[in-house]
Q: 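Take a look at this one; I'll ask things after.
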2 protein chains.
Amino acid sequence: MHDLLAITLKRLEGVSDDDRDVLAALIGETRAVSAGRVLVEEGSCPQVSMLLLGGLVGRVSILNEGGRQISELNVPGDFVDLHSLLLKKMDHSLVALTDAVIATISHVSLKLLCEARPRLMRALWGETVVDGAINREWLLALGRMSATERLAHLFCELYVRLEAVGLAADYRFDLRLTQSDAADMVGITPVHVNRSLKTLREQSLLEWRGGSAIIHDWSKLARLAQFDPTYLQPRLISSDQNPS
Amino acid sequence: MHDLLAITLKRLEGVSDDDRDVLAALIGETRAVSAGRVLVEEGSCPQVSMLLLGGLVGRVSILNEGGRQISELNVPGDFVDLHSLLLKKMDHSLVALTDAVIATISHVSLKLLCEARPRLMRALWGETVVDGAINREWLLALGRMSATERLAHLFCELYVRLEAVGLAADYRFDLRLTQSDAADMVGITPVHVNRSLKTLREQSLLEWRGGSAIIHDWSKLARLAQFDPTYLQPRLISSDQNPS
DNA sequence: CGTGGAGTTGAGTTTGGTCAATATGCGTGG
DNA sequence: CCACGCATATTGACCAAACTCAACTCCACG
């Protein structure tokens, strides 16, 4: 946990150690929440942002007829919901997709801090901009790739992001999501996720059972998904600087 | 043109008139570009951001086998490519989808300005956050809506955004895009765009011919698209404040 | 045990894609 | 002013990817 906080802070760009300390001091209570818990309700006006220290959190939009889309996935080390600092009203919900550990930072103090320390504000802005880059990549996947390709892309991205925060190595990582969750990320039905995973398994590219994922052939998988980690660059810096 | 610049500046939130003036003073040459022109190449490192004063600009990602996805559409009054202020390398291109008019702002001066005026930086940050909200909405559409619904959603969003900057009224607006462009936004083939538009036309919801769009039945169209303009709120304020 | 949630598989259907022909409209050069 | 050529739009016939529905398995947990 503690290293995760450190990693998060370290990857803020162009920020002095002093700034980091002040930010760290603002972090309030850390709490554990269990899978399925709605952290922020659609329509509400949150007073805090969060730092995800463990587990996975999803940004979830619901359609009338039960359609569910997860538009963003946060992994440990991510700031969650910096957006709400600037938007009045949530247009979607935040849900803990697994058991998770969360630290909160109040908006008031964050705003004050931003006014006082432009460098820090810029770094936080940068975080939301990277979120946007990930979003665009998902958009590309949803718009123009097949089901298997989308899943392949998701696993590539997850591996790289988790690896950057020390939660993946040797092409293995824990992923305690349901196939339905994955379906809601890549925009297909759970049944079809199942079949697509089977395809990937049969091609010896990827295995995902019992919450643990193994990428058997990274280069083939990445080629299939046309995965180019450029868009994640800013999130990788921390791992570049301290190869574990 | 000039009112557009004013509108853009006015909708920056929580910014003093003084800040607005200083920002306006930074705006460099204004130039006209013709449809199809690539404004920023994938892989490049732009030194300027832009203000779109006329026409439409798209954020375009290309897949190996020719697949093209437009992940964001900018309308007049939008800041274009504030992202590049914070990201080193473009992971996609920016393309003028129609003839367009563009003003540029250099990154160096913008950065200095941000350091000096936190309020302004926060407002610009807000702009990128709204872009993100629009992104998420598109993700929901691509992931969970049918072709006709996606198109309906696109037209609802465009109407509201254009109306907010005075470029649409009475449920009519100019939209000089090709059906192929629309296809690349909603993630279907041009042929299917054509068919889906026909459906919408037959239901007397929407007409789009010769570059001009007419929404015949807003409430039905919005219901079909499950369109809720909440996510655009910050972009609507200017129009709320000065009903033309 | 038995119950419920998640995963797996098959059969049949639907949506959207592909390919190809035809139409429309506009700008250029004769 | 007309003819040609190109880009875009439209339509049909056929095909493929993904969805639906439903059965069945496999566990984890009480």
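These numbers were taken from a predicted model, which means no experiment stands behind them. Lettering of chains follows the sequences in order, A, B, ..., and the numbering in each one begins at 1.
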Q: For DNA chain D, which residues in residues 140-152 of chain B have a heavy atom at a distance below 4.0 Å?
A: none
Q: Taking CZ in B:Arg201 as the centre, count heavy atoms belonging to other residues, nucleotides or ligands within less than 6.0 Å. Is the count above 12?
A: yes
Q: Which ones in residues 189-208 of chain B lie close to DNA chain D, meaning a heavy atom under 4.0 Å from one of its atoms?
A: B:Val191, B:Asn194, B:Arg195, B:Lys198
Q: Taking only the side-chain heavy atoms of A:Ile188 (C-beta and beyond), determine which of D:dA18, D:dT10, C:dT8 contains the nearest atom.
A: D:dA18
Q: Bend across the helix from C:dC1-D:dG30 to C:dG30-D:dC1, to 10°, with axes taken over 5 pairs at each end?
A: 30°
Q: Write down the protein N/O and nucleotide N/O pairs, taken from nucleotides 28-30 of chain D, whose separation is under 3.5 Å; answer none if there are no such pairs.
A:
none

Q: Strictly below 4.0 Å, N to O, side chains only: are B:Arg68 and B:Asp181 in salt-bridge contact?
A: yes
Q: Taking 4.0 Å as the cut-off, does a side-chain nitrogen or oxygen of B:Arg209 come that near to OP1 or OP2 on D:dT8?
A: no
Q: Any carboxylate oxygen within less than 4.0 angstrom of a Lys/Arg side-chain nitrogen, looking at A:Lys89 and A:Asp91?
A: no
Q: Within the 4.5 Å heavy-atom criterion, are B:Leu39 and B:Arg37 side-chain neighbours or not?
A: yes
Q: Would you call B:Asp99-B:Arg176 a salt bridge at under 4.0 Å N-O?
A: no
Q: For B:Gln179 and D:dT10, is the shortest distance between a side-chain N/O and OP1 or OP2 below 4.0 Å?
A: yes
Q: Which residues pass the side-chain hydrogen bond (donor to acceptor under 3.5 Å, both in side chains) test with B:Thr98, sequence neighbours left out?
A: none
Q: CD/A:Glu72 to OG/A:Ser61 distance, rounded to the nearest 0.5 angstrom?
A: 10.5 Å
Q: May I have the distance from B:Leu97 (atom CG) to D:dT8 (atom P), rounded to whole angstrom?
A: 12 Å
Q: Looking at A:Arg235 and A:Asp78, is any side-chain nitrogen of the basic one under 4.0 Å from a carboxylate oxygen of the acidic one?
A: yes
Q: Show, in sequence, the C-alpha distance, side-chain angles and deciding distance for A:Ser71 and A:His92, and conclude whether the side chain to side chain donor-acceptor pair (under 3.5 Å) test is met.
A: CA-CA 9 Å; A:Ser71 57; A:His92 58 270; 5.7 Å; no
Q: Can you say whether the rings of B:His153 and B:Phe227 are parallel (under 30°), tilted (30 to 60°) or perpendicular (over 60°)?
A: perpendicular
Q: So A:Asp184 and A:Gln69, side chain to side chain donor-acceptor pair (under 3.5 Å) or not? Walk me through it.
A: CA-CA 5 Å; A:Asp184 291 337; A:Gln69 176 67 34; over 6 Å; no
Q: Using modelled atom types only, decide if a donor and an acceptor are shared between the side chain of A:Tyr171 and the backbone of A:Trp218 within a distance under 3.5 Å.
A: no
Q: Report the residues that fulfil side-chain hydrogen bond (donor to acceptor under 3.5 Å, both in side chains) with B:Arg150, sequence neighbours left out, ordered by chain and then residue number.
A: none
